Every structure is written in C-alpha cells, then in structure tokens.
There are 2 protein chains.
Amino acid sequence: MRINTVFEALSHPVRRQILTLLKSGPMSAGELAGHFDLTKPTLSVHFNKLRDAELVAVERRGTSLIYHLNMSILEEALSGLLGKKDQTP
Amino acid sequence: MRINTVFEALSHPVRRQILTLLKSGPMSAGELAGHFDLTKPTLSVHFNKLRDAELVAVERRGTSLIYHLNMSILEEALSGLLGKKDQTP
DNA sequence: CTCATAATTAGATAATCATCTAATTAGAGT
DNA sequence: ACTCTAATTAGATGATTATCTAATTATGAG
C-alpha cells in the first residue's frame, strides 16, 4: 500500500464524494458521473487515481464498468496516521 | 472545521511527517525543520497549512514558535470519512 | 539602541493537477 | 460488418503547489 498515493487520492473533494457514494454499494462509472457537474473524462481521471490508491476496485459488466469501494485500504491508511507509522519517503 | 483544508493538509508527506514528529510532544519550528532536507521558509509554508487546518496550534516561547499537535481535528476528519458525513462542496 | 537569533513573508519559477474537447477502445445487438 | 452506448486515453490549457533566495518582523541580550 503506497500511503502517499492514498492520501493524494483523498485530497480532492470529488474523490472523497465518490467514496461516500460507493458506501451505499457498487455503482457504474456513468452513474457516478451523473452525480457531478463534470465531464465523464474528468471523472475518469478521478476514478484512475482512486484505483491507483486501491481505494476502489473495478469490474466489467457488459459495456459498463462497476466501481466498488475498498474499505480496508481506507481504514489501514487512516489508522496508520492515527497510530504510529507513516513511512513517508 | 473545513474538512477539505484538513485533507489538503494531509496530502503532503512532509506535513504528515510533521504531525508524526509532534506526537512525541511539542517542538519548535527550528527543531522540526532540522528533521528535513528543506529550507526553513519551505517548512514555514507547511506549518501554515497545518495551522490553517487546525491540525497544529502554535505558541510563542521567547523567540521560538512552539508547535503542538491537535489530535482531535485529525480524529474528527478521519472518522468523518469512515463514518457517514463528508460535506464536500 | 544595536546586534544576534528565530522565524516569517515576498516574489519568482518549475512542476504538478484539474479540467475540457476530440479521438479511441470495448462490448452487445442487429 | 455496422452501429450504438459506455467509458477511456490523448493532448492542450489554466490554475495551483512546492520550493528556493532575499528581505522583513519579532524577541531578547548586552
């Protein structure tokens, strides 16, 4: 787990909102995009950063890509900061 | 508490490291700066961001500025993300 | 009041980030 | 094979960020 990548990903409000939306369950890229006033390509970039951080996982269902929340990485990163370690570069 | 400011502040490795250092107790700006390979003005900017986020508080002792960790804001922000709310703009 | 020390603010610059439009890939149905 | 839909990647641009050097403020000591 690249802790820096995780916190980078968490630093943008849109990306945190995406995580919040995914708490209610998996959602397609398009459905997620519908919640924002941004273009799909822009959202796609945000999805990528969340995926790089492993905060979400993606699965294909037909022509759609379904995003899932990966709660455990979130917990690891945050408790890492509250606890002792934060192996910064 | 501006949640966005808090996560912005947490997004930089140096700033997270500063928080980690402060877990052992309050420390002056100069002492903190000694732990990094960066100039004091650069560190000063980082201190400001942490202070804006209220993640640290500052107190003057003679010519020195002593920084204190504000653990509660950290806990609030992180548990806010794990829990329900994250009122993103 | 002047000097030395601690730390900041100011200004400049290079790098990174968020966003858009246009073009491309991938899958499903006809 | 062609077309439609979903979503991505590519390329460009404007805004923000991290960093440095130089100058400034604030405090305490002589």
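Keep in mind that this is a model prediction, so the values were computed, not measured. A, B, ... follow the sequence lines: proteins, then strands. Residue 1 opens every chain.
Phosphate proximity of C:dT19 to A:Thr39: absent, as no side-chain N or O sits under 4.0 Å from OP1 or OP2. For the pair A:Ser44 and D:dT8, the criterion of a side-chain N or O lying under 4.0 Å from OP1 or OP2 is met. Phosphate contact (OP1/OP2 of D:dT17, side-chain N/O of B:His46, threshold under 4.0 Å): absent. Of the side-chain N and O atoms in B:Thr63, none sit less than 4.0 angstrom from OP1 or OP2 of D:dA26. Note on A:Asn48: every side-chain N or O is 4.0 Å or more away from OP1 and OP2 of D:dA7. Side-chain nitrogen and oxygen atoms of A:Tyr67 include at least one within less than 4.0 Å of the OP1 or OP2 phosphate oxygen of D:dT8. Phosphate contact (OP1/OP2 of C:dA7, side-chain N/O of B:Ser28, threshold under 4.0 Å): present.
A donor-acceptor pair is defined here as one N or O able to donate and one able to accept, closer than 3.5 Å; no such pair exists between the side chain of B:Ser64 and the backbone of B:Arg60. Remark: the backbone N or O of A:Glu54 is paired with a side-chain donor or acceptor of A:Asn70 at under 3.5 angstrom. Side-chain atoms of A:Ser79 come within 3.5 Å of backbone N or O of A:Glu75 as a donor-acceptor pair. The closest donor-acceptor contact from the side chain of B:Arg16 to the backbone of B:Leu10 lies under 3.5 Å.
In this structure, CZ of B:Phe7 is placed 20 Å from C1' of D:dT16, rounded to the nearest angstrom. What separates CG of A:Leu43 from P of D:dA7 is a distance of 11 Å, to the nearest Å. One interatomic measurement links the two molecules: CG of A:Asp52 to P of C:dT16, which rounds to 16 Å at whole-angstrom precision. Look at CG on A:Leu32: it is 13 Å from C1' on D:dA6, rounded to the nearest Å. One atom, CZ of A:Phe47, and another, P of D:dT9, lie 12 Å apart when rounded to the nearest Å. Between the C1' atom of C:dT8 and the CZ atom of B:Arg60 lies a distance of 9 Å, rounded to the nearest Å. Computed from coordinates, the A:Lys49 NZ to D:dT9 P distance equals 13 Å when rounded to whole Å. Here D:dT9 presents its C1' atom at 15 Å from NZ of A:Lys40, a figure rounded to the nearest Å.
Nearest-nucleotide positions on DNA chain C for B:Glu31 and A:Gly62 put B:Glu31 closer to the 5' end.
In this structure, the nucleotide among D:dT19, C:dA6, C:dA10 sitting nearest to the side chain of B:Ser64 is C:dA6. You'll find that the side chain of B:Glu8 is closest to D:dT17, out of D:dT19, D:dT17, C:dA7. With C:dT8, D:dA7, D:dC20 as the choices, the nucleotide that has an atom nearest any side-chain atom of B:Leu38 turns out to be D:dC20.
At the heavy-atom level, B:Arg15 lies under 4.0 Å from the strands shown only through sugar-phosphate atoms.
A donor atom on one side chain and an acceptor atom on the other are found under 3.5 Å apart for B:Glu59 and B:His68.
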